[in-house]
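Atoms considered below: every heavy atom in the structure, side chains included; atoms not considered: hydrogens, waters and symmetry mates. As the structure is a computational prediction, the values presented were derived from the model and not from experiment.
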Amino acid sequence: MGAEIKGAIEYSKGLEGVIAALSSISYIDGSQGKLVYRGIPIEMLAKYSNYEETAYLLLYGELPTKEALENFTQQMKTFRILPKRVEDCIRELPPNPHPMDILKVAVAHTALYDPDRLRCCREGVMSKVIRIIAQIPTMIAYYHRARTGQDIVPPDPDLGHAANFLYMLHGKKPDKEEARIFDVALVLHAEHGLNASTFAAMVTASTLSDINSAIVSAIGTLKGPLHGGANERVLKMLDEIGTPDKAEEYVLNALSEKRRIMGFGHRVYKTYDPRARILKEYAEYLSNKYNDRRYIEIGERIEKIMIRELGKKGIFPNVDFYSGIVYQFLGIPRDLFTPVFAMARSVGWAAHVCEYVQNNRIFRPRAYYTGPDYVEYVPIDKRR
Ligand code: SDX
């Protein structure tokens, strides 16, 4: 797609290929299927790091020393607690809205009680940022427990970020191995350049609005099915297909009707998304561990068909295709898949906002006017 010509003007639909900022936070090589955070390959971070350490790396630009990581982790644990009024508000919210809508409300609400809300210095902004990153998992878990009529489970200071979320959600300490898998999934989702939700956060911040407003903009943007909302729809599609032998007919029908297969394609990756490779391994592992290969077998069949049909157009599995199978085995309800994406990506949003405003310029692109040059104003009683 890329640049389109309208008369004498060349414009890039969806800003495809447009460089809108300088950034040292991450780099994506779309043709090689490579992703680095601050220069470190995602595969190394998935193998050796955890969400807290990766969040520090993304926010501060380098891996933390042991002491710095301990302090950062402790700060995240302290900040997990929600203001009582926010907790009460979450309890009162209706059970049926999409949890991404609840998350927008909760993040906006908690900003009103942030002790650092008026601090604009770097230290004050970092405190607000870390508080939001630490509180989003609590908001999601509290909402789920309240909407299902279960007692809210307060954060456990002995558990890391990933394990604590599963604990607050399920009300019991998670299996260590599964907590580790979830931790890796959060690392994989933490950052991805100027994707739509990160760009939305940057546009908001470029007006010198506050960080909470920027995060709320990002949450609303991530909700869309073409972006973070795809993971939830992949599982729905796997259920609709039902068995691996029905995958071919389903996919070919969808493609013939120009419908999108969720979890495939990417604006930047024109080969396999490196994050999908890692998530596929975990989806395979958990399918075998639970002796339930339904989803992975349908998924692998779809993958084969889609690569056969559209691989030459650069359409491959993206991060959303296998993440839902992993989350399903971790007992995460489907409508929480995108909130979990938001929980992970909150640090990417924050890192880009903090980086961009250091050398800020308000985002203000233009549109190529295609309307009439002049139209007479006709009084209403003369209009037909
Ligand atoms: C994420 O930007 C990021 O980094 C996002 C993300 C992140 O970490 O932040 O990676 C997370 O959002 C992953 C993407 C999740 N969304 C989906 O899985 C939804 C399905 N995917 C598509 O809608 C699409 O691939 C996008 C939105 C992801 C990318 O859209 P583009 O780059 O605008 O591509 P396009 O719509 O111009 O499509 C190009 C061609 C079209 O065919 P033609 O009209 O040229 O014949 O590829 C086809 C499309 O029809 N195509 C697909 C397809 N994706 C693209 N055909 C079938 N199924 C698909 N999934």
Side-chain angles (χ1 to χ4, degrees), residues 23-27 35-81 103 107 110 114 116 122-141 155 157 159-166 168 179-193 195 197-198 201-202 205 211-212 214-215 218-219 222 228 275 278 319 323 339-356 358:
S23 175
S24 60
I25 298 172
S26 67
Y27 175 66
L35 169 61
V36 298
Y37 290 175
R38 301 284 189 186
I40 303 177
I42 193 69
E43 293 80 5
M44 302 294 275
L45 291 168
K47 196 165 175 191
Y48 300 113
S49 188
N50 63 24
Y51 186 76
E52 290 90 332
E53 184 182 70
T54 298
Y56 185 100
L57 170 72
L58 292 169
L59 289 171
Y60 294 99
E62 59 187 13
L63 287 171
T65 60
K66 197 163 177 305
E67 188 192 357
L69 181 58
E70 280 165 7
N71 294 339
F72 183 78
T73 301
Q74 189 47 51
Q75 197 178 15
M76 289 270 280
K77 288 183 175 181
T78 309
F79 285 172
R80 283 169 180 168
I81 312 287
L103 202 49
V107 170
T110 197
D114 190 320
D116 296 308
R122 177 141 172 86
E123 196 201 333
V125 171
M126 287 312 269
S127 274
K128 280 186 270 196
V129 155
I130 296 165
R131 189 173 281 112
I132 294 171
I133 295 166
Q135 287 181 340
I136 285 179
T138 312
M139 295 168 178
I140 298 168
L159 295 176
H161 193 71
N164 178 58
F165 173 73
L166 295 175
M168 294 189 293
R180 174 62 193 152
I181 290 173
F182 185 57
D183 200 357
V184 174
L186 295 178
V187 168
L188 295 173
H189 285 81
E191 155 62 10
H192 213 239
N195 58 85
S197 52
T198 298
M202 290 166 69
I211 182 73
N212 282 81
I215 300 293
I219 294 169
L222 185 72
R275 303 166 296 175
I278 299 170
V319 70
S323 58
V340 163
F341 195 151
M343 155 180 163
R345 185 56 58 83
S346 56
V347 69
W349 296 333
H352 278 280
V353 161
C354 293
E355 178 185 63
Y356 186 75
Q358 296 302 313

Apply side-chain hydrogen bond (donor to acceptor under 3.5 Å, both in side chains) to [X] and list each qualifying residue two or more places apart in sequence or on a separate chain.
X	result
H352	E191
R345	N195
R38	S24

Do the side chains of [Y] and [X] get nearer than 4.5 Å, heavy atoms only?
X	Y	answer
L35	P41	no
Q135	R80	no
N212	I132	yes
P137	N164	no
I40	L57	yes

Could you tell me which non-hydrogen atom of [X] sits nearest to which non-hydrogen atom of [Y], and how far apart they are?
X	Y	value
A205	V353	CB-CG1, 3.5 Å
P157	K77	O-NZ, 2.8 Å
L59	A350	CD2-CB, 4.2 Å
I215	S346	CD1-O, 4.3 Å
R180	A46	NH2-O, 2.9 Å

_Under the side-chain contact (heavy atoms from CB on, under 4.5 Å) test, residues paired with A162 that sit two or more places apart_ = F182, D183, L186
_side-chain contact (heavy atoms from CB on, under 4.5 Å) involving A218 - partner list, sequence neighbours excluded_ = S197, A201, W349
Can you tell me how far [atom2] of [Y] sits from [atom1] of [X], rounded to the nearest 0.5 angstrom?
X	Y	atom1	atom2	result
E43	L188	CD	CG	9.0 Å
K47	I42	NZ	CD1	14.5 Å
M126	F72	CE	CZ	7.0 Å
M139	M168	CE	CE	10.5 Å

*side-chain contact (heavy atoms from CB on, under 4.5 Å) between I25 and Y37: does it pass, once the steps are laid out?*
CA-CA 6 Å; I25 298 172; Y37 290 175; over 6 Å; no
_As a quick check of understanding, evaluate side-chain contact (heavy atoms from CB on, under 4.5 Å) for S127 and Q75, giving each step before the final call._
CA-CA 9 Å; S127 274; Q75 197 178 15; 4.1 Å; yes
Distance-only donor-acceptor hits, side chain of residues 62-69, under 3.5 Å, sequence neighbours excluded:
unit_1	atom_1	unit_2	atom_2	d
T65	OG1	A68	N	3.0
K66	NZ	E70	OE2	3.1

_Applying side chain to side chain donor-acceptor pair (under 3.5 Å) as the test, list every pair that has at least one member in residues 50-60; sequence neighbours left out._
S49-E53, S49-T54
_One pair to check against side-chain contact (heavy atoms from CB on, under 4.5 Å): H189 and R275. What are the steps and the verdict?_
CA-CA 8 Å; H189 285 81; R275 303 166 296 175; 5.8 Å; no
*Apply ring-ring contact (aromatic ring centres under 6.0 Å, His included) to H192 and list each qualifying residue two or more places apart in sequence or on a separate chain.*
H266, Y269
*asked:* Checking F79 now: which residues fulfil ring-ring contact (aromatic ring centres under 6.0 Å, His included) with it, not counting sequence neighbours?
replied: none
*Among I140, T138, I136, which residue meets the side-chain contact (heavy atoms from CB on, under 4.5 Å) test with F165?*
I140
*Would V129 and C354 count as a side-chain contact (heavy atoms from CB on, under 4.5 Å) if you check the C-alpha gap in whole Å, the side-chain angles of each, and the deciding distance to 0.1 Å?*
CA-CA 9 Å; V129 155; C354 293; 4.1 Å; yes
